[in-house]
S.K.: 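The structure follows.
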There are 2 protein chains.
Amino acid sequence: MIENQPKKPSKSDRTRAQILEAARLLFAEHGYDGASIRDVAAHASIDPAMVIRYFRSKDELFARAAVVDLQLPALRVIDRTTIGETLIRRFLEIWEGPASGPGMAILLRSATSNEFAAEKLRDVFGNQVRPVVAAVADPAADADRRAGLVSSQLLGLAMCRYLLRLPPVVALSHDEIIQNVGPTLQRYVVGEDVS
Amino acid sequence: MIENQPKKPSKSDRTRAQILEAARLLFAEHGYDGASIRDVAAHASIDPAMVIRYFRSKDELFARAAVVDLQLPALRVIDRTTIGETLIRRFLEIWEGPASGPGMAILLRSATSNEFAAEKLRDVFGNQVRPVVAAVADPAADADRRAGLVSSQLLGLAMCRYLLRLPPVVALSHDEIIQNVGPTLQRYVVGEDVS
DNA sequence: GTCTATACCGAGATAGAC
DNA sequence: GTCTATCTCGGTATAGAC
């Protein structure tokens with residue numbers, strides 16, 4: 001067999017990982033246009049030509065860097081009465097927790113001016129957020145609209161707090177966010193408004 | 001007197017206006033990086049050198065294009081019991097009404113990757129949104145936080161509906177938006193939650 | 001006032017020596 | 001596998017002819 005994949009952190013693999021990590025950092029901070037191949041190379045202490053050698057193009061590098069897994073299926077056991085709080089807590093973990101990477105920041109930072117990033121972001125909400133909302137939405141038929149409303153509040157909060165860094169939103173404590181935004185999400189998911 | 005300003009739509013002025021209009025359109029649609037001087041010139045049926053001649057640089061052109069006046073003082077007569085609905089109705093006018101230009105789209109499109117645009121957007125909320133919220137917030141001392149929460153919902157809605165074009169959010173009718181988002185804003189401005 | 005031509009720069013990407 | 005050198009392209013901005 002040619003299968004000698006296990007246990008081979010070859011130098012190539014480590015270099016590749018370094019490049020990818022540098023790319024994720026810089027794409028998250030400066031966006032697709034703002035982060036150049038040269039920047040990524042410098043940050044990984046490597047030659048720019050290597051970046052192209054390992055990933056064929058900037059687009060492909062971005063595609064590799066912009067993978068997002070919100071791990072929402074972990075919320076499988078859901079309580080309809082506390083879904084709002086559950087969602088906002090998970091949101092804070094994703095954006096500020098130690099485990100989750102900068103995947104969402106990468107997408108959101110570039111989504112306004114890069115159609116690929118925009119499409120990926122729409123995919124995230126269609127494939128990851130929507131199913132969770134649909135599982136508990138009040139008539140499930142409204143799942144699309146409810147998931148859309150949830151997304152509008154959560155993306156807006158992320159924009160203001162992590163990208164735009166609007167001072168009063170940055171200043172909010174986790175408890176304040178949970179207490180204020182939680183009820184909003186709760187109503188969007190299982191509320192009886194609607195027309 | 002050298003004052004012959006009135007009644008002189010000289011060819012220069014018209015050209016200047018054409019350039020500015022083209023710039024506002026393209027900056028709103030493609031963002032700062034995505035809209036080049038050449039694009040703007042082509043769209044205004046003019047030579048690229050003229051763009052630089054009229055506005056000294058791309059940065060200055062962007063600064064001229066990115067002026068925003070939400071005209072919120074027009075809401076001076078405010079009813080605390082309907083402030084949420086008032087705000088969301090004004091939001092829809094700003095983004096979809098015939099009068100308002102693409103100013104907000106210009107800023108929001110570029111704010112994630114352009115520090116100047118980000119600063120201008122923070123200014124808009126500090127100088128235009130915050131005062132309105134402060135005028136009716138419930139303890140007025142919480143005005144900053146309340147205005148921040150309002151901004152998070154409104155910017156998120158704008159992102160999803162007009163920039164990201166998330167299908168379920170695009171599909172929302174004006175009435176659905178008013179009925180669903182209005183109560184959220186109402187609670188953010190005069191609600192009694194908080195910690 | 002307007003446009004042609006171009007300078008200059010930094011981007012992404014490639015060829016080929018080592 | 002790695003790096004030096006370079007190509008090409010498109011960006012902003014400028015010089016100078018008309």
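Scope of the values below: all heavy atoms of this structure, side chains included, with no hydrogens, waters or symmetry mates. Chain A is the first sequence line, chain B the second, and so forth, proteins listed ahead of strands; every chain is numbered from 1. Worth saying up front: this structure is predicted, and the values here are computed from it rather than measured.
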S.K.: Can you find a donor-acceptor pair, distance only, under 3.5 Å between R53(A) side chain and dG1(D) base?
M.R.: no

S.K.: Could you work out which one of dC3(D), dG12(C), dT2(C) sits closest to the side chain of D47(A)?
M.R.: dC3(D)

S.K.: Which listed nucleotide (dT2(C), dA11(C), dT2(D)) is nearest to the side chain of T15(A)?
M.R.: dT2(D)

S.K.: Among L154(B), I83(B), V133(B), find the one that has a side-chain contact (heavy atoms from CB on, under 4.5 Å) with L185(B).
M.R.: L154(B)

S.K.: What is the distance, rounded to the nearest whole Å, between atom CZ of F62(A) and atom C1' of dG12(C)?
M.R.: 16 Å

S.K.: Is Y54(B) close enough to dT2(C) that one of its side-chain N or O atoms is under 4.0 Å from OP1 or OP2 there?
M.R.: yes

S.K.: Starting at CZ of R16(A) and ending at C1' of dG1(D), how long is that distance when rounded to a whole Å?
M.R.: 15 Å

S.K.: How long is the line joining OH of Y32(A) and C1' of dA11(C), in whole Å?
M.R.: 11 Å

S.K.: Atom CD1 of I37(A) and atom P of dC3(D): how far apart are they, to the nearest Å?
M.R.: 16 Å

S.K.: So which nucleotide from dG1(D), dG12(C), dT14(D) ends up closest to the side chain of I52(B)?
M.R.: dT14(D)

S.K.: At under 4.0 Å between heavy atoms, what does F55(A) touch on the DNA or RNA strands: base, sugar-phosphate, or nothing?
M.R.: nothing

S.K.: Nearest to the side chain of I46(B), heavy atoms from C-beta on, is which of dC3(C), dT2(D), dA13(D)?
M.R.: dC3(C)

S.K.: How long is the line joining CG of L26(A) and P of dG12(C), in whole Å?
M.R.: 12 Å

S.K.: Whole angstrom is fine here: how far is it from CG in D59(A) over to C1' in dA13(C)?
M.R.: 12 Å

S.K.: Ion pair present between R122(B) and E115(B), side-chain N to carboxylate O less than 4.0 angstrom?
M.R.: yes

S.K.: Salt-bridge test for R16(A) and E21(A): reply yes if a basic N is under 4.0 Å from a carboxylate O, no otherwise.
M.R.: no

S.K.: With a non-hydrogen cut-off below 4.0 angstrom, is R56(A) in contact with a base, only sugar-phosphate, or nothing?
M.R.: nothing

S.K.: Closest to the M50(A) side chain: dA13(D), dT2(D), dG12(C)?
M.R.: dT2(D)

S.K.: By nearest atom, which of the nucleotides dA11(C), dT4(C), dC3(D) is closest to the A49(B) side chain?
M.R.: dT4(C)

S.K.: For K58(A) and dA11(C), what is the distance between atoms NZ and P respectively, to the nearest whole Å?
M.R.: 9 Å

S.K.: Check the hydrophobic clustering (I, L, V, M, F, W, Y; side-chain heavy atoms under 4.5 Å; chains of links allowed) and say if I78(A) and V181(A) are grouped together.
M.R.: yes

S.K.: Nearest 0.5 Å please: distance from the OG atom of S173(A) over to the CG atom of L92(A).
M.R.: 9.5 Å

S.K.: Between dG12(C) atom P and I19(A) atom CD1, what is the distance in whole Å?
M.R.: 14 Å

